[in-house]
Amino acid sequence: MKMGLAMYDFYGRRARVMPRHRMFSRARALEEVPALTPRIAAVGRYHDATVTAPERLVLELVQDGTRLSPGSEALNWTALTGRSGAVLHLDGPDGVREVTARLVVNAAGPWIDSVNRALAMPLPRQIGGTKGSHILLDHPELLRQLDGRMIYFEGNDGRILLVFPYHGRALVGSTDIPAEDPDQAVCTPEEVAYFIGALRDLLPGLRFDEGQIVYAYAGIRPLPNSEGVAPGLISRDHSAPVAEPEGDRPFPVIALIGGKWTTFRAFSAEVADSVLKRLGHPRRQGTDTLRIGGGQGMPDAAARGDWIAEASAATGADPGRVALLLDRYGATARAVAAEEGADPVLLGGTDTSEGEIRHIARVEQVVHLEDIVLRRTTLGVTGQASRAVIARVAEVAGAALGWDAARRGEEVAACTETLTRRHNAPPS
Ligand SMILES: Cc1cc2nc3c(=O)[nH]c(=O)nc-3n(C[C@H](O)[C@H](O)[C@H](O)COP(=O)(O)OP(=O)(O)OC[C@H]3O[C@@H](n4cnc5c(N)ncnc54)[C@H](O)[C@@H]3O)c2cc1C
């Protein structure tokens, strides 16, 4: 472990922004986290960045991209369903659209093979996905002992697991099981039992049971097809194989295999360069230091206090509330605070306001209620999406989006169904 962490420091030395690793003795580790198993030999500490809201990061990237590139478009809830020659058939909320392609980037992650089929491409399978599940626990004592840290540990079966604080809950993951259909991926009772068992082994000083679970979810990693290789040994590196024009398909297709959040900027730049080259355009803008979404105009630690005071004076919002919105939305917090005003109405039992929902519904490409509950906010993942909260979000968003009573009812039913499937129980 010590050698691994030393290599991590070595490879990151040129762009270092965080402290180097440190090793702690068993006694010191047990002092810091008393519930930890005494079977440990020592503990290594290193620092890393975290993405606090991956779904919001996707949205902000899409919004920045379309704003900076007039003429581009992002179509939410729209599927590629077929192809005739160079013409792609897209099916979305506003019906069917046709687009003539000069080049296609297949960025459908675990759905890459099904998009290849829609493109009528007779390719061998490109994806050999593995399912990863996670659970979130309501466990204040565990959060207290974690104190902002992630524990990255080996289960009894040798798999690497992790547990860390996430929006007031403890997130535990993940499994690594060969799986094909991303639409059917769910966290199974066996996976839940595996996580609970691993936590009991790691932290025998704490109590764990299934009643603490507020949310469970699963996803398929879009790893390269690697038949016969054990899941843990499949390469996590990314690649962008190109299918050159063939038969009645006059355009090339670049598939994005195996991407990760950790490397998305480098991977995107790599693919953008190859697309630009094929289309005969020079690159006009590097993005390595470009700030994303609400990161633009976000104050640094020294300017934070002034920024909050100024936004609070301009919008009438309480400074404490502005600080919370700043952590959640970056500099976009100012617009959200203006929408909320001096007296935010909070959704029952949560710190999310109706003003936030109105803002999101108006400017964040919402098509369905679950976009708000599961992706734009943390209501779903933190287990705060009770039946009452879902109904109220549907009313507030519905008013902004012009949903009538029938549409609101459909949206509530669909969102409840998704949460029930993920959580293995209907929202309370
Ligand atoms: C369990 C798990 C744990 C992970 N942990 C980490 C981690 O710790 N660190 C890290 O960096 N990364 C991690 N990842 C990887 C990361 O979350 C993404 O899976 C990876 O970046 C792939 O992203 P993507 O954009 O290629 O695909 P996705 O994010 O899956 O996007 C594919 C998109 O294609 C759309 N689509 C599907 N079919 C069609 C169609 N016919 N027409 C149009 N669109 C379609 C889907 O709706 C979806 O929006 C993890 C992934 C999983 C599953």
Return yes if some donor-acceptor pair links the side-chain N/O of [X] with the main-chain N/O of [Y] below 3.5 Å, else return no.
X: S353; Y: E356; answer: yes
X: R169; Y: V214; answer: no
X: T315; Y: A337; answer: no
X: T418; Y: A414; answer: yes
X: R376; Y: E364; answer: yes
X: T377; Y: I372; answer: yes
X: R83; Y: G85; answer: yes

Apply the test salt bridge (Lys or Arg N to Asp or Glu O under 4.0 Å) to residues E370 and R375: give CA-CA distance (whole Å), side-chain angles for both, the deciding distance (0.1 Å), then the verdict.
CA-CA 7 Å; E370 65 171 66; R375 290 178 270 276; 3.1 Å; yes
Let me see the working for F164 and V172 under side chain to side chain contact (heavy atoms under 4.5 Å, CB included), right down to the final yes or no.
CA-CA 7 Å; F164 63 104; V172 185; over 6 Å; no
Please tell me if the side chains of [X] and [Y] come closer than 4.5 Å, counting only heavy atoms from C-beta onward.
X: I151; Y: L162; result: no
X: L369; Y: I390; result: yes
X: R159; Y: Y194; result: yes
X: V163; Y: L199; result: yes
X: T50; Y: Y166; result: no
X: L276; Y: P282; result: no
X: E410; Y: W403; result: no
X: Y217; Y: I135; result: no

According to the interplanar angle, ranging from 0 to 90°, do the rings of W77 and H368 count as parallel (below 30°), tilted (30 to 60°) or perpendicular (above 60°)?
perpendicular
Angle class for the F264/W261 ring planes (parallel below 30°, perpendicular above 60°, tilted otherwise)?
perpendicular
Do R13 and F10 meet the cation-pi criteria used here (NZ or CZ under 6.0 Å from the six-membered ring centre, within 45° of the axis)?
yes
How close do [X] and [Y] get, heavy atom to heavy atom, and via which atoms?
X: T416; Y: T420; value: O-OG1, 2.6 Å
X: D183; Y: D181; value: N-OD1, 2.9 Å
X: T66; Y: A74; value: CG2-N, 3.9 Å
X: G380; Y: L374; value: CA-CD2, 4.3 Å
X: I220; Y: P182; value: CG1-CA, 3.6 Å
X: L5; Y: G44; value: CD1-CA, 3.9 Å

Apply side chain to side chain contact (heavy atoms under 4.5 Å, CB included) to residues R56 and R328 and explain how you reach the verdict.
CA-CA 10 Å; R56 292 199 59 79; R328 193 171 284 169; 5.5 Å; no
Between E339 and the options R334, E354, R358, the side chain to side chain contact (heavy atoms under 4.5 Å, CB included) test singles out R358
Does [atom1] belonging to [X] count more than 12 external heavy atoms closer than 6.0 Å?
X: R20; atom1: CZ; value: no
X: E310; atom1: CD; value: yes
X: M150; atom1: CE; value: yes

What I want to find out is whether [X] reaches [Y] closely enough, with some N-O distance under 4.0 Å, to be called a salt bridge.
X: E340; Y: R321; value: yes
X: D176; Y: K131; value: no
X: R407; Y: D404; value: no
X: R278; Y: E244; value: yes
X: R408; Y: E411; value: no

Could you grab the distance from atom [atom1] of [X] to atom [atom2] of [Y], nearest 0.5 Å is fine?
X: L347; Y: I357; atom1: CG; atom2: CD1; result: 5.5 Å
X: Y215; Y: L419; atom1: OH; atom2: CG; result: 6.0 Å
X: D138; Y: Q212; atom1: CG; atom2: CD; result: 8.0 Å
X: T52; Y: H167; atom1: OG1; atom2: NE2; result: 5.5 Å
X: D201; Y: F153; atom1: CG; atom2: CZ; result: 8.5 Å
X: I213; Y: H134; atom1: CD1; atom2: NE2; result: 13.5 Å

Stepwise, does the salt bridge (Lys or Arg N to Asp or Glu O under 4.0 Å) test hold for R67 with E60?
CA-CA 10 Å; R67 185 172 44 80; E60 296 194 347; over 6 Å; no
Answer with yes or no whether the side chains of [Y] and [X] bring together a donor and an acceptor at under 3.5 Å.
X: Q296; Y: D64; result: yes
X: T81; Y: D91; result: no
X: R221; Y: S174; result: yes

Verdict with supporting geometry, T188 and E191, side chain to side chain donor-acceptor pair (under 3.5 Å)
CA-CA 5 Å; T188 61; E191 289 174 293; 3.2 Å; yes
How far apart are the C-alpha atoms of Q365 and D371, what are their side-chain angles, what is the distance that settles it, and do they pass the side chain to side chain donor-acceptor pair (under 3.5 Å) test?
CA-CA 9 Å; Q365 282 185 260; D371 290 336; over 6 Å; no
Could you walk me through whether V253 and R249 pass side chain to side chain contact (heavy atoms under 4.5 Å, CB included), step by step?
CA-CA 10 Å; V253 178; R249 176 173 52 82; 3.9 Å; yes
Pairs touching residues 98-116 that satisfy salt bridge (Lys or Arg N to Asp or Glu O under 4.0 Å), sequence neighbours left out
none
Keeping to residues at least two apart or across chains, list the salt bridge (Lys or Arg N to Asp or Glu O under 4.0 Å) pairs with something in residues 262-273.
D273-R283
Does the pair Y46 and D9 meet the rule for a side chain to side chain donor-acceptor pair (under 3.5 Å), with working shown?
CA-CA 9 Å; Y46 78 102; D9 284 342; over 6 Å; no
Could you pull out all residues at least two apart from F267 that satisfy ring pair (Phe, Tyr, Trp, His ring centres under 6.0 Å)?
H238
As a quick check of understanding, evaluate side chain to side chain contact (heavy atoms under 4.5 Å, CB included) for R304 and L326, giving each step before the final call.
CA-CA 9 Å; R304 183 178 162 93; L326 180 58; 3.6 Å; yes
